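For reference, the structure discussed in these notes is given below.
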Amino acid sequence: MIWYPYEQMKTMKAPYKIVDAKGVYLYTEDQKLIDSVSSWWSVIHGYKHPRLNAAIEEQLKRFAHVMLGGLTHEAAQKLSDKLQSWLPGDLDYCFYSDSGSVAVEVALKMALQYYMNRGENQRTMVLALNRAYHGDTFKTMEIGDDEDYHFVLKAYGKSPNVVHIPTEISALEDAFSKYHTRLNCFIVEPLLQGAGGMQMYDPAFLKRARELCDQYDVLLIFDEVATGFGRTGNRFVADLVLPDILVLGKALTGGYMGHAVTVAGHKVYEGFYDDDPSHALMHGPTFMGNALACSVALKSIELFEEEDYMSKIRRIEEITRREMKDFTDPRIREVRIMGGCVCVEVYDAGTIKGYQQFAYERGVFSRPFLNYLYAMVPYIINEEELVQVLSTMKEWFRSR
Ligand SMILES: *Cc1c(COP(=O)(O)O)cnc(C)c1O
């Protein structure tokens, strides 16, 4: 039987069984649901997109997968060329892996080894944010700050190798002046912290982080697994502030299959590139650069450009602001909107208990967590469908 994620199996309610999916819709045997979660924020083009399906079918005729150890192939080469030209600055070097968590692990390993390759073995510390989420593997749990998910780490006590700070410039400056000789990197989910509760903060914080990283020679890592591909209303937050390492996942493959990439800038790549074999990056997930995943990712980027997805995202934000304007309720702490993300934070988690079933009955799939009721819709959603998602949220508060 299936052991489901983040659930107490003894008390979990039965999951909805999906039998078909097309566009923004999920179909159960008896209901049609707008997926307001985009299958964990990844299905940006909607389900069963004809051009994405065709890209996979085309590649499948040749082969589904070959390893990147000692071999290479056109799908991975083309995607890397595309990312190199499409991503900002000198983010040119693409290291693939099979999930966002692993891609973050790779970024952290790069940052640590970058300094080790220079003989600076004392740089073992990572600076991260309060409420950070970077994945569910052990090192990503350690740099995360997500007691609700990762309380298992309590068994180890507090890690001496991670410092967490709030998104305040004064805290940032203090941390750098205190720890800079031991830091290898500062890692952030830029502008929008997803699993930590759709927390939003100002680009000025990231600009200051870039300056301090330059001043103290510390690497800046953007985990854009959730924010990449337009979710914040920016194509990438890296378009505003350039990191040394960028991590992409989730929307990267249009939601078709697990794949992710850690993209390094020139300086980082140069730190590994020499005659000493021990300076190589020793990593290699079995399914890195999977040919089906690469071909669908490339097509996904082409669609994003050709169909001007950034204007679709601006439209989603406009409609969301219009619909949520003046919507208040004493049980609501804050309504936050950024690009293709809206979050209603309530004071008491009990307030949104039962919302999932309420939404189901009104044709919307939603998955609130803790105190957060949110939507991150597929970008192809039309106005009427988006209004339905938002009205369902408002109706919940009005009806009780
Ligand atoms: C989802 C997520 C991850 C982990 O990605 P997986 O593919 O689930 O391993 C890492 N970082 C951020 C910011 C995420 O939202």
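All residue numbers in this chain count up from 1 along the given sequence. We count ligands from 1, going down the list as the structure has it; atoms in each ligand are counted the same way. These numbers come from a predicted model, not from an experiment.
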**Prompt:** Should the pair Y16 and Y360 be assigned to parallel (<30°), tilted (30 to 60°) or perpendicular (>60°) ring geometry?
**Reply:** parallel
**Message:** Show me which atoms of ligand 1 lie under 4.0 Å from any heavy atom of A226.
**Reply:** 15 (O)
**Request:** Go through the steps to decide whether E385 and Y25 satisfy the test side-chain hydrogen bond (donor to acceptor under 3.5 Å, both in side chains), and finish with yes or no.
**Result:** CA-CA 10 Å; E385 291 157 345; Y25 289 101; 3.3 Å; yes
**Message:** I'd like to check which ligand 1 atoms, numbered from 1 as shown, lie under 4.0 Å from a non-hydrogen atom of H134.
**Reply:** 10 (C), 11 (N)
**Request:** Considering only NZ, NE, NH1 and NH2 on the basic side and carboxylate oxygens on the acidic side, decide whether E7 and R367 come within less than 4.0 Å.
**Result:** yes
**Message:** For M200 versus C341, what's the shortest heavy-atom pair and its separation?
**Reply:** CE-SG, 4.1 Å
**Message:** Looking only at protein heavy atoms, which one is nearest to atom 15 (O) of ligand 1, and what is the separation?
**Reply:** K250 NZ, 2.6 Å
**Asked** Which class fits the ring pair Y379 and F304: parallel under 30°, tilted 30 to 60°, perpendicular over 60°?
**Response** perpendicular
**Request:** Look at atom 8 (O) of ligand 1 and say which protein heavy atom is nearest, naming residue and atom and giving the distance to 0.1 Å.
**Result:** S101 OG, 4.4 Å
**Asked** Where is the nearest protein heavy atom to atom 11 (N) of ligand 1: which residue, which atom, and how far?
**Response** D223 OD2, 2.7 Å
**Message:** Please list the nearest protein heavy atom to atom 7 (O) of ligand 1 with its residue and the distance rounded to 0.1 Å.
**Reply:** G100 N, 2.8 Å
**Request:** Considering the heavy atoms of W41, write down every atom of ligand 1 situated less than 4.0 Å from one of them.
**Result:** 15 (O)
**Asked** Could you state the interatomic distance from OH (Y309) to CD1 (I316), rounded to the nearest 0.5 Å?
**Response** 9.5 Å
**Per-atom contacts of ligand 1 with E189, taking only distances under 4.0 Å to non-hydrogen atoms** = 13 (C)
**Prompt:** What atoms of ligand 1 come closer than 4.0 angstrom to any heavy atom of S99?
**Reply:** 7 (O), 9 (O)
**Request:** Can you label the angle between the H45 ring and the H49 ring as parallel, tilted or perpendicular, going by 30° and 60°?
**Result:** perpendicular
